[in-house]
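Down below is the structure, laid out as structure tokens.
Quick caveat: nothing in here was measured; it's all calculated off a predicted structure. Atom set for the values below is all heavy atoms of this structure, side chains included, hydrogens, waters and symmetry mates excluded.
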Amino acid sequence: MEIAEIVMNPVRQRIFQYLLVHETATVKEIRKALPDVPSASVYRHVKILAENSLLSVVSENRIRGTVESVYKLNEDALTIDDADGATVQMVLLNTCASFAKYFSGGDADPRRDMLLMTSCTLRLTDEEFANFLSEINQTAVKYMGKDESNGSKTRQILLISAPVYGQAEQPDDKDKVNL
């Protein structure tokens with residue numbers, strides 16, 4: 001199984017998210033955080049991630065004759081050399097497929113579901129851009145750690161940064177689209 005295929009699974013992405021916020025977790029803790037995912041599926045996804053070295057066991061708890069593993073993200077394994085852009089293309093195709101599924105489901109209501117698509121061009125130094133990304137990450141982590149509550153909905157946020165080639169003029173409002 002290719003690394004991109006492994007990490008693009010929505011359940012595995014939620015497991016990553018949980019571990020990004022909480023740093024370590026047992027399968028039991030992950031199951032509790034993903035109540036809509038069957039227990040057998042959580043175990044299977046954690047096993048796939050561990051077998052592919054994306055999760056590592058950092059400790060073990062002995063409970064009544066059984067061993068419960070404590071997992072952590074293996075951040076080195078998540079660093080992907082993507083010089084040919086295959087992983088980025090897979091992410092984009094997966095996102096397109098999600099939108100196609102949403103719009104073909106018969107109950108699409110972008111306003112109700114607060115669908116957002118925006119594009120803007122930033123002119124920043126590498127240091128300013130790193131600060132920008134850090135601020136976005138801090139905000140995302142703040143909300144990723146929020147427990148599920150009555151009325152909460154699962155939403156996926158995808159942020160892509162891409163170089164702009166051959167664009168000498170200043171960006172203007174026509175570059176921004178909100179749905």
Do any N or O atoms from the side chain of [X] and from the backbone of [Y] form a donor-acceptor pair under 3.5 angstrom?
X      : Y      : value
Ser104 : Ala100 : yes
Arg12  : Ile6   : yes
Asn9   : Val11  : yes
Glu135 : Phe132 : no
Asn74  : Leu55  : no
Tyr102 : Asp109 : yes

Are [X] and [Y] close enough that some pair of their side-chain heavy atoms sits under 4.5 Å apart?
X      : Y      : value
Leu115 : Phe103 : yes
Leu34  : Tyr18  : no
Met114 : Arg155 : yes
Leu20  : Met144 : yes
Asn137 : Val141 : yes

Between [atom1] of [X] and [atom2] of [Y], what distance do you get to the nearest 0.5 Å?
X      : Y      : atom1 : atom2 : answer
Glu128 : Leu122 : CD    : CG    : 10.0 Å
Arg123 : Phe129 : CZ    : CZ    : 14.0 Å
His45  : Ile30  : NE2   : CD1   : 11.5 Å
Glu23  : Lys72  : CD    : NZ    : 6.0 Å
Ser56  : Leu49  : OG    : CG    : 11.5 Å

Is it possible for you to say whether [X] and [Y] belong to one hydrophobic cluster, with membership spreading through side-chain heavy-atom contacts below 4.5 Å?
X      : Y      : result
Val70  : Val42  : no
Tyr71  : Val58  : no
Leu159 : Leu124 : yes

Exercise answer: donor-acceptor pairs, residues 61-68 side-chain atoms, under 3.5 Å, sequence neighbours excluded:
from, atom 1, to, atom 2, distance (Å)
Asn61, ND2, Glu68, OE1, 3.3
Thr66, OG1, Ile63, O, 2.7

For Lys47, salt bridge (Lys or Arg N to Asp or Glu O under 4.0 Å) partners two or more places apart |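 Listed in chain order: Glu51.
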Arg14 and Val37: CA distance, side-chain angles, deciding distance, side-chain contact (heavy atoms from CB on, under 4.5 Å) verdict | CA-CA 10 Å; Arg14 291 173 63 195; Val37 180; 3.8 Å; yes
